[in-house]
Peer 1: 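Got a structure here, written out as structure tokens. Questions coming.
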Amino acid sequence: MTCRVVVLLSGRGSNFQAIVEAQLPIEIVAVISNRPHAAGLDTARARGLTTVALDHTALPDRETFDALLADEIERHHPDLVVLAGYMRILSAAFIARFEGRLLNIHPSLLPMFPGLKTHERALAEGVKIHGCTVHFVTADLDHGPIVIQAAVPVRADDTPDTLAARVLQQEHRIYPQAVRWFAEGRLVKNHGHVNLKDDLTSQSVFSIGM
Ligand code: GRF
């Protein structure tokens, strides 16, 4: 059976687009945004996908909004919910409803630099390697079980923007890969870690870009 995917996004939606273009064995059953004017919604509409805008500013608090959001997601019966630049912290109740089928991409090599402004912080620390991580979402912000990571070199003349662009290229590679593995049933959780079925070397779960 095809894996039914709901995508949540708040902005540009380039990761969502990379997932669409990777021609995965999935069906994107809805693209939902908390920002009615998110560019990602336009991309989804142009591709004939079902879109839903739920403006979080119209709701009194996070719990109320997240309950509404969760109900909307469940209407589409997803096997997997993909956070693709969804820029709102999710409530514990929301995460509990979707735990195990909720993936996120974060622009750092977790557990380094959880939270925002990761590229600026990486440059400020002088790290020589930076990157991105796809992980399962748990109540512990940006700390869920890691599925795949990609690293890039940090160059002496990097700005947050040049570094972000180099990381983003890798995001567009590893997020579709992670979604494919999920859809193929290859992600195996083991004591809070994720292993890839039939990959004892783990060589496909990390990579170095340039
Ligand atoms: C990406 O850098 C992603 O890692 C982060 O938010 C950004 C979203 O970009 N969570 P896009 O909307 O997918 O282009």
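Atoms within each ligand, like the ligands themselves, are counted from 1 in listed order.
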Peer 1: Identify the protein heavy atom lying closest to atom 10 (N) of ligand 1, giving its residue, its atom name and the separation to 0.1 Å.
Peer 2: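 Answer, as residue, atom name and distance: Ile105 O, 3.1 Å.
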
Peer 1: Any nitrogen or oxygen of Gly13, main chain or side chain, under 3.5 Å from a nitrogen or oxygen of ligand 1?
Peer 2: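 Gly13 vs ligand 1: N/O contact under 3.5 Å present.
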
Peer 1: Cation over ring, Arg88 on Phe94, under 6.0 Å and within 45°?
Peer 2: no

Peer 1: Going through the distances and angles, do Thr133 and Gln149 end up as a side chain to side chain donor-acceptor pair (under 3.5 Å)?
Peer 2: CA-CA 4 Å; Thr133 304; Gln149 294 184 299; 2.9 Å; yes

Peer 1: Would you mind checking which non-hydrogen protein atom is closest to atom 8 (C) of ligand 1, with the distance to 0.1 Å?
Peer 2: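 So the nearest neighbour among protein heavy atoms is Gly85 CA, 3.6 Å.
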
Peer 1: Between His106 and His135, do the side chains contain a donor N or O and an acceptor N or O under 3.5 Å apart?
Peer 2: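 Note: His135 and His106 side chains miss the donor-acceptor criterion.
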
Peer 1: In the protein, which heavy atom is nearest to atom 3 (C) of ligand 1, and how far is it?
Peer 2: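 Heavy-atom neighbour on the protein nearest atom 3 (C) of ligand 1: Glu171 OE1, 3.2 Å.
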
Peer 1: With side chains defined as the heavy atoms from C-beta onward, is the minimum distance between Ile129 and Pro153 less than 4.5 Å?
Peer 2: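 Side chain of Ile129 against side chain of Pro153, heavy atoms only: no contact under 4.5 Å found.
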
Peer 1: Using 30° and 60° as the class limits, which term best fits the ring planes of Phe136 and Phe182: parallel, tilted or perpendicular?
Peer 2: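 Ring orientation of Phe136 relative to Phe182: tilted.
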
Peer 1: Before signing off on this row, confirm whether Ser14 and ligand 1 have an N or O atom pair separated by under 3.5 Å.
Peer 2: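 Yes, Ser14 has an N/O under 3.5 Å of an N/O on ligand 1.
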
Peer 1: Is there any N or O on Arg12 that sits under 3.5 Å from an N or O of ligand 1?
Peer 2: yes

